[in-house]
Amino acid sequence: MPRTVGHYENTEIKSNFGRFGPYLLHKNTFYSLPKGFDPFNVDEAKAIEIIEDKRRADLDKIIHNFNDGEYVVRKARWGPVI
C-alpha cells in the first residue's frame, strides 16, 4: 500500500489504510471509503463516484461565498461558520 486505483482529471487516485480507516487520495485531498469497501479491491469507476459525491456534499454545505471564495459561510455541526 498505497495502491494506484486509476486516473481522474490527469491525476492518480491512490487507495490506502490510514489512522481513521481506508481512504482514497486524489490531488492531495483525502476521501474516506464507505463501510464495505476494501482499498485492495476498489475500482476506478467507484473511486471517481466517491470523489464526485464528496465534492457535491461539500458544495451543498456552502451558504454564502464572499470575495470569490476568500471568505465562505458554511453549514457546520452547530450552525453557520465563516
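Side chains included, hydrogens not; waters and symmetry mates left out as well; all remaining heavy atoms used.
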Approximate separation, where rounding is to 0.5 Å, of [X] [atom1] and [Y] [atom2]:
X: H26; Y: E12; atom1: NE2; atom2: CD; answer: 10.0 Å
X: T4; Y: K14; atom1: OG1; atom2: NZ; answer: 5.0 Å
X: I13; Y: K27; atom1: CD1; atom2: NZ; answer: 10.5 Å
X: D60; Y: R74; atom1: CG; atom2: CZ; answer: 11.5 Å

Which atom names give the shortest non-hydrogen contact between P39 and M1, and what distance separates them?
->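 Heavy atoms only, the tightest pair is CB-CE, 3.5 Å.
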Between E49 and R56, is there a side-chain N and carboxylate O pair less than 4.0 Å apart?
->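 Judged by the 4.0 Å cut-off on N to carboxylate O distance, E49 and R56 do not form a salt bridge.
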Hey, quick one: are [X] and [Y] part of the same hydrophobic cluster, counting side-chain heavy atoms closer than 4.5 Å, chains of contacts allowed?
X: I50; Y: I48; value: yes
X: L59; Y: V72; value: yes
X: Y71; Y: V81; value: no
X: I51; Y: L33; value: yes

Indicate whether any N or O donor in one side chain lies under 3.5 Å from an N or O acceptor in the other, for E52 and Y31.
->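 Not at all, the side chains of E52 and Y31 share no donor-acceptor pair under 3.5 Å.
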Is E44 reaching over with its side chain to a backbone N or O of H7, donor-acceptor style, under 3.5 angstrom?
->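 Yes.
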Can you tell me if R3 uses its side chain to pair, donor with acceptor, with the backbone of V42 under 3.5 Å?
->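 Flag set: sc R3 to bb V42 pair under 3.5 Å.
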If you count the non-hydrogen atoms of other residues, nucleotides and ligands that lie under 6.0 Å from NZ in K61, is the total more than 12?
->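 For K61, atom NZ is not crowded (no more than 12 foreign heavy atoms under 6.0 Å).
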Assess the pair Y23 and F37: is the distance between their ring centroids shorter than 6.0 Å?
->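 Between F37 and Y23, which both carry aromatic rings, the centre distance is not below 6.0 Å.
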